[in-house]
Each structure stands twice: as structure tokens, then as C-alpha cells.
Amino acid sequence: MPAKWLKDAVFYEIYPQSFKDTNKDGIGDFQGIIEKLDYIKALGCNALWINPCFDSPFHDAGYDVRDYKKAAGRYGTNEDLYRLFDEAHKKGIRVLLDLVPGHTSEEHPWFRQSQSADQPNEFSNRYIWTDNWFCGSNLNYIAGEAERPNAYIVNFFKCQPALNFGFLKPQEPWQLPMDHPDCVATREAMKDVMRFWLSHGCDGFRVDMAASLVKYDDEVKSGTCAIWREVRGMLDSEFPEAAIVAEWARPDLSLPAGFDMDFILNDPHTHYASLLRDYNAPVDNTYFKKDAPARDINRFMDVYRRWYEQTKGVGYICLPTCNHDTPRPRFGLDETELKLAYAFIFTMPGVPFLYYGDEIGMRYQDGLPTKEGGYQRTGTRTPMQWDGGKNLGFSEAEAEALYLPVDPAADAPTVAAQEADPASLLNTVKALLKLRHENADLQADGPFEALCSEPEKPFVYRRGGLVLAVNPAGEAATVRLPAQGMKPIFTLGNASVDGGTLTLGAQSFVVLK
Ligand code: NOJ
């Protein structure tokens, strides 16, 4: 059973580097987040996911953790972070931190000892070392870096050695079984990190690469799932309100393993990209694009509906507007198209995640030089655009000192400008989230049924006593409703009902009761 408070949760993802700088060093900080809690609350979000904010050399924006229990000095102290938990809670906002269980930084003291010439030691098996020092052809192994005569396995970049959770079916002498005391110690170390932050007031974790713990596993990930079930057991007995969301995109595996939520990511198997960001396709057929030549929501819905049926009552599927790894939805969609895309995301079951700045349609900044291992992701990580002031209100530092440059466009969207415009994207997001909070049927566990998903036609779906329809096309369409006499309670664009027939205008969305 997912944590009860998730039923009406709407998350706001904060990339702390780029949210709000209060000490004029050009990098966002905890105090900046605290100062913007009222903004987040007014938006309609009641939960945060903060990207890794722990001590790190920042070769992967903080996903290379050097000390799991210490806040990164550039954001503030541990005490500042505890204060952030407190201030958020006072406003009814929950806070998830980012747990990176699959790997550490190569600068983590565990790895420094693990790789040393002084073997064996307490941390010799904390990482996965082969019994060979030369593994030339396989890129998952790094040779020639350690003092000890072995190569280690990485989880992502070279600077992120994989922690050793053991192997389900060890096939080589260097592959330890999952119940080896040193692999058990890795699991316990990760639980210890979770206990540390939960006992200081955080409400749970977004879990990085949650599928990555046990290597070379079988399709069903039984080894990795067993570890998460054990973690769930610890949470249930010690922190029953804590919530965990998996970066996995396999809710059929992660939710039964004990996660409360799982993200639908842009991986090819989810077809989520076909809704918001079809940037790799030769023609942009993104479902919400007005002029898409072959609009199709079915590729996505086929996968979604199967997972939804399999996991109903077990946990929630999360639809994010974007995250720090993906081009922003504004990359391919204009403001009207974004309104319709968000109307869909915020009225679907499960728990929605809004990436900072997507509420004002911040642009993907193509072509920026890579920052902290961001590469193409860097363009999605630029500073939040608050107002028309210095650095668009992000920081009082000189422009050269900023973590990343702010959007240089003369018409860069800002919160201040959009707050003043009743028809803005920001005010539309607020109205949609208000609608969601006011209607239990639209929340995480409200019922869901797709009524019509023919290509080129509006997508029509039922949430309990409500029928919703979205028409991204440039022409009006008619839809036969499942009941007579339904009335619009929320409209974007145009909609009218005559008996049992809905006429939905071009690029329009309606909720009927
Ligand atoms: C997924 C994170 O979202 C991404 O930003 C990071 O680079 C990798 N995991 C490695 O931790």
C-alpha cells in the first residue's frame, strides 16, 4: 500500500543548483528553496523532490556522492537542510531527497579504501572488483585506476564505481553471493543512510537507478527486488509514512517490490516520448503537437493501461512533465500545446511530477557547453526565471559567476510576468492543480478508464464520475459521451455539450460532470 499522503500529492522537482541563490555565489541554495516555498505551495504542489544535495566532487551534478550524510557546502549545512524540512512541513509540503544506492563517487572514503594497495580491509568488497587487472574491451570495467591489481565495475560514468550488492547466481570467483556478509554490509550501509535523513525529517527518497543494484540479473530482477522488499520492511516498521519513488520505469516490477511510486521515463519501451518530446523521430509526431501528421496516443496507452491494471492498489505510476535528464517539453511544444499536455498529465491517475520552470514553459537551451557531466542534459538545467531583474531574479551574482547562464532571449518567460496574465501557462497550471485537489476522482487512486484513443481523435477518459477529453488537433471534433446531460466544469479552449454529444474545439480540453 502506498503512503496515504501520496493520494493528493503533486511533486515539484528542484535541481538545487539552479533554483534560487541567496548568498550571491551564483549557485542555488537551501535558503533559496525555503524562500520559495510559498510560491510552490501557491502553485498547487505539496511535495518536493530535490536532486542530490550531498557532499560531492560534482562530476555528475551530485549523483557522485562523496559523503551520504553531509549536505554539499555550496547549498548550506545539514542544519539548513533540516530547517528546510521543518519550514516545508509547516506549509504542508513533504520533501524527498535523492538516494543514490547503486554507486558512489570515486572520492568516497569507502572507495578510497576499497581501491588501496592495503588489502584486505573493511571495504575491499564494498565495490565489485574482478580478479583481473586488465579488462580492455568491456567498458563497464575500469582498469588501470586502482592501487590494487583489479578492475572495478562502474554503474554510470567512470567516476561512479558500482556498490557491491552481490550476485543472484555468481558465476566467477570474484562474484560474491547476495548473502555474503560484505554484500549484506552494503545493504545495511544504505539503510543506515536512509534512517539518517528520515530521522532528521525528510519524508522519503527518489531512488536513482533503482534497478541497478544486483548485476547481470535475470529479466525479472529478482535479486534487486528482494533488496527493495527488505528496505520496504525496514521502512514499514521504522518510518511507516516514508515514501520512495523508483527511477526504473517498470512499475510492474518496482511497485510489488515495495516502491510507492515509479516514474514513466522517456525510455523507448514506455513510448512516453511520443506524447511530449518525439525529438528523435524524423517527423515530429508528438501527440500534443497541433500539426503532427500521424498523431497517436495508443503506443503509450497500450503500455500504460497494462501497467495500470497490474499495479492498481499496489502503488502509483508517475507522469513527469520532464526531469533534469530530458529536454524540456517546451523544446517541441508551444504554450498552447503545453497547456493541453499538462492538462493530461495532471488529470491522470498516479502522482504527477512538475520539473521546476516547466510551469512557465522554460526553454531547453540547446548547445550549452557541458556542465558537471550534464552533456546534452545541461540545456534543461539552467537557472529558474523569476522576474525581469538581474539574472532574471535567480541570483545577485555577476553573470560570469552563475552556475549556468540564464535564458538570453528577450522574451524569456518569467514567473512575475505570467503571474500578471490570467491566461498564462503558469495560471493554467495553477487552475489544473486546483481542480485536481478539489476532485478526489482526479487524484492518485481515483478510478481510470480510457474511453476512446483512436489516432487523430480526441483522447477521452473517465475518472470516476468525471469524463475528460483532450483534442490536440487544429480542428474541432465531436465525441459521443457515455451519458446524457453531462456539463463542463473546466475548459481550456472551447467545448459544448448537446444531449449526449460533445463538440470539442481545436486544441481544447474539457472536464465534464
Ligand atoms: C539517473 C540520474 O537521473 C542522472 O542524472 C544520473 O546521471 C544517473 N542516474 C547516474 O546517477
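All ligand and atom numbering here is 1-based and tracks the order in the structure.
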Worksheet entry | Residues in contact with ligand 1, criterion: heavy atom under 4.0 Å | D60, Y63, H103, F156, R206, D208, M209, E247, H324, D325, R377, R381
Worksheet item: Knowing that exactly one of D358, D407, D366 qualifies, which makes a salt bridge (charged side-chain N to carboxylate O under 4.0 Å, His left out) with R328?
Response: D358
Discussion item. Can you tell whether the side chains of R112 and E107 come within less than 4.0 Å, N to carboxylate O?
Written reply: no
Discussion item. Can you confirm whether or not the ring centre of F394 sits under 6.0 Å from the ring centre of W386?
Written reply: no
Discussion item. Less than 6.0 angstrom separating the ring centers of H103 and F157, yes or no?
Written reply: no
Fill in: Charged N-O contact under 4.0 Å between E13 and R206
no
Worksheet item: Roughly how far, to the nearest 0.5 Å, is CZ of F167 from CH2 of W174?
Response: 4.5 Å
